[in-house]
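In what follows, residues are counted from 1 in the order of the sequence shown. Computed over heavy atoms, backbone and side chain alike; hydrogens, waters and symmetry mates excluded.
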Amino acid sequence: MAAAAARGAAAARSPLVLHRHPHPAHHRRLRLLPLVAGGGGGSPPRVGRRIRASREKGRRVGIRVFARYSQAQDFSTRLQDRAGELPKLVEDLLQTSISTGPRGAFRFAQGIQAVLGVGGEWLNDFSKTANTSAGIPAQMQLGLLSPLYLRRLFERMGATYIKLGQFVASAPTLFPAEYVEEFQNCFDRAPPVPYSEIESILREELQQPLDSVYEYIDPVPIASASIAQVHGARLKSSQKDVVIKVLKPGIEDTLVADLNFIYVVARILEFLNPELQRTSLVGIVKDIKESMLEEVDFRKEAMNIEAFQRYIDAMGFDRQAKAPFVYRHCSTKRVLTMERLYGVPLTDLDSIRSLVPDPELTLVTALNVWFGSLISCESFHADVHAGNLWLLRDGRVGFLDFGIVGRISPRTWAAMEVFLASFATDDYNAMASALSEMGATGNDINVNEFAKDLEKIFSSIQDLDTEVIVATARTPDATAVSANVVVDERQMNALFLDLVRVSESYGLKFPREFALLMKQLLYFDRYTRLLAPSMNMLRDERINIGMNRSAAAKENLDEYNWTFS
């Protein structure tokens with residue numbers, strides 16, 4: 001009995017000790033406790049309750065430890081399963097590092113400096129809010145990863161990250177709404193490079209004396225952005241006025257270094273977490289890299305301009321619209337010399353009225369040319385803000401700056417045309433069907449419920465705050481009146497983000513080209529409010545949105561057969 005009592009007492013003490021020092025081996029001993037406690041026969045009831053309570057606590061600790069162990073084991077197993085891919089990963093990373101060169105180390109140092117700068121801003125803002133009763137604002141809780149401070153960091157990091165921020169802003173189907181909204185404010189602004197450096201690049205690229213090509217070059221730039229700056233000039237041979245777009249020094253090396261770094265991070269993340277492959281993280285980074293490197297190759301932009309002008313000529317729009325002529329003999333990968341167009345933005349109502357009798361017809365022309373390019377041109381202009389869409393002095397519509405273009409697949413355009421037609425007639429069931437086709441994932445969509453949700457979203461579009469600002473200026477002869485339209489950018493973005501959120505709740509994922517198209521339509525919606533407030537641009541018979549706007553298009557999207565010229 002004494003031995004049994006000793007064993008019972010030992011058993012009663014053991015759980016308390018083991019609970020304070022959980023270990024997998026101890027949990028195996030805990031499973032023996034019921035036998036030991038039961039074998040004692042003479043344990044007091046209070047001791048038995050303590051044993052059972054301690055056993056339950058021990059079991060919970062054991063479950064937690066086992067869960068952590070299992071997760072670690074699963075991660076280890078995943079890595080072992082992917083061990084065969086490790087040589088390919090290492091080879092890929094080495095090749096990327098070699099192509100980056102010494103520029104990578106320099107950019108790394110600049111990155112640290114930018115992080116310290118924005119980190120200082122965050123700490124300063126944090127210190128102001130830490131002691132307030134309101135607590136820490138939501139936009140500060142993620143530190144430098146919060147949308148506001150990440151956007152500031154991107155702007156400090158320069159060209160690559162500004163362009164990346166603009167990509168985030170234009171891709172609500174890929175990024176969280178709060179980041180898309182914040183990166184709408186990612187401005188591409190940069191101080192101009194001294195003209196001496198621009199002159200040096202021109203000499204290096206053109207391989208001939210500049211005074212043999214240009215009569216003169218204005219040393220004061222017309223515009224300066226992160227990647228390039230633009231100077232006015234005149235050709236010596238033809239005496240034509242031109243603009244010269246010059247890639248800033250070191251930009252291409254910086255882009256390659258930055259994009260390679262982003263690619264390396266994406267590759268490592270996908271290797272460590274194979275589930276990220278479902279999001280096509282590396283694929284997205286590759287697309288961004290390809291798009292950005294195209295933007296700094298002015299030969300690509302020259303091709304885009306010439307393709308658009310060929311489309312204008314082929315469609316018989318040459319008396320109504322124009323793209324600038326490219327002077328190939330003084331254009332290279334880093335230099336683009338183009339015809340200088342003179343005109344006014346489509347938001348300058350007073351100037352437009354002085355050039356044409358009916359501003360509404362100008363808008364109709366712009367819409368027909370742009371809509372036609374979606375299906376009859378190699379690419380469409382994907383940045384038709386007021387700075388890139390002008391009414392020229394000769395009455396034609398001028399399309400400028402083809403650095404950002406989009407390409408749309410026949411399938412997406414077929415669905416997009418039905419979407420636009422249904423939007424114009426408030427046919428939300430047809431709209432739901434078109435969006436389901438565009439973002440098809442193989443899931444069964446409840447079209448009726450989807451249509452009801454879409455109606456709730458688009459019923460608010462009429463409530464968007466639109467303000468026409470009229471400015472007057474006294475002249476010797478009369479009072480000049482100019483107007484501009486101001487639309488709350490955040491409201492526009494919120495409307496589109498609501499559409500994306502609701503669509504994603506039904507399992508739909510839209511291609512990025514859909515976002516590009518919608519953004520241009522919002523620009524044209526603003527021009528319509530200013531130049532033709534009584535016109536419905538999607539229902540007006542003068543505007544040809546597509547090749548087939550009949551009801552049959554809604555019934556069978558697969559019957560579309562587009563050809564591209």
Side-chain angles (χ1 to χ4, degrees), residues 96 99-104 106-107 110-111 154-171 183 186-195 197-207 221-231 243-264 284-308 323-324 326-328 330-338 378-379 381-383 387-388 400-407 512 516:
T96 304
S99 68
T100 302
R103 185 74 182 180
F106 178 68
R107 284 297 288 162
Q110 288 183 320
F154 275 30
E155 288 178 341
R156 278 187 179 241
M157 287 292 290
T160 309
Y161 291 88
I162 288 173
K163 292 298 179 185
L164 184 59
Q166 292 172 343
F167 178 85
V168 172
S170 67
F183 277 91
C186 191
F187 298 115
D188 191 354
R189 52 192 172 195
V193 170
Y195 176 68
E197 294 186 38
I198 295 296
E199 195 175 35
S200 176
I201 293 172
L202 288 171
R203 286 199 182 96
E204 181 183 342
E205 288 294 306
L206 300 182
Q207 294 291 303
I222 298 171
S224 176
S226 58
I227 284 179
Q229 69 185 48
V230 179
H231 289 260
V243 291
I244 312 171
K245 187 174 181 180
V246 184
L247 191 69
K248 288 185 174 180
I251 285 297
E252 190 170 10
D253 289 342
T254 298
L255 275 177
V256 170
D258 291 346
L259 292 170
N260 282 349
F261 172 75
I262 295 169
Y263 174 76
V264 165
I284 293 172
V285 170
K286 282 183 176 179
D287 288 343
I288 294 173
K289 182 177 181 179
E290 182 179 344
S291 174
M292 286 190 185
L293 291 180
E294 276 192 8
E295 199 170 337
V296 297
D297 185 349
F298 292 159
R299 295 171 301 186
K300 299 280 188 182
E301 184 173 351
M303 292 170 60
N304 293 335
I305 295 171
E306 291 172 339
F308 196 82
V326 176
Y327 293 93
R328 286 282 187 171
C330 45
S331 295
T332 66
K333 183 178 181 180
R334 300 166 65 197
V335 173
L336 180 59
T337 303
M338 300 170 286
E378 296 169 18
S379 58
H381 198 303
D383 197 20
N388 291 339
L400 289 72
D401 193 349
F402 285 76
I404 301 177
V405 298
R407 294 171 179 83
R512 181 173 177 255
L516 283 175

Heavy atoms, side chains only, cut-off 4.5 Å: are Glu301 and Lys245 in contact?
->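 Glu301 reaches Lys245 side chain to side chain.
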If we only count heavy atoms from C-beta on, is the Ile227 to Val296 side-chain gap below 4.5 Å?
->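 The answer is yes; the side chains approach within 4.5 Å.
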Quick check for you: to the nearest 0.5 Å, what is the distance between [X] atom [atom1] and [Y] atom [atom2]?
X	Y	atom1	atom2	value
Met157	Ser226	CE	OG	13.0 Å
Met303	Asp297	CE	CG	9.0 Å
Asn304	Asp401	CG	CG	10.5 Å
His231	Ile198	NE2	CD1	4.5 Å
Arg299	Leu336	CZ	CG	12.0 Å

Would you please name every residue forming a side chain to side chain contact (heavy atoms under 4.5 Å, CB included) with Met292, sequence neighbours left out?
->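 Testing Met292 for side chain to side chain contact (heavy atoms under 4.5 Å, CB included), a comparison that skips the adjacent residues, returns Thr160, Lys163, Leu164, Leu255, Leu259, Ile288.
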Side chain to side chain contact (heavy atoms under 4.5 Å, CB included) against Glu204, all qualifying residues, sequence neighbours excluded =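 Side chain to side chain contact (heavy atoms under 4.5 Å, CB included) list for Glu204, sorted by chain: Arg334.
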Report the residues that fulfil ring pair (Phe, Tyr, Trp, His ring centres under 6.0 Å) with Phe298, sequence neighbours left out, ordered by chain and then residue number.
->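 None.
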Side chain of [X], backbone of [Y]: donor and acceptor closer than 3.5 Å?
X	Y	result
Thr337	Cys330	yes
Glu294	Lys300	no
Lys333	Glu205	no

When the ring planes of Phe154 and Tyr161 are compared, do they come out parallel, tilted or perpendicular, using 30° and 60° as the limits?
->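 Perpendicular.
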Please report the closest heavy-atom contact between Pro192 and Ser224, naming both atoms and the distance.
->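 Minimum heavy-atom contact is CA-OG, 3.4 Å.
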Do you know the tightest heavy-atom contact between Phe308 and Ala323?
->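 Scanning both residues, the minimum pair turns out to be CD2-CB, 4.2 Å.
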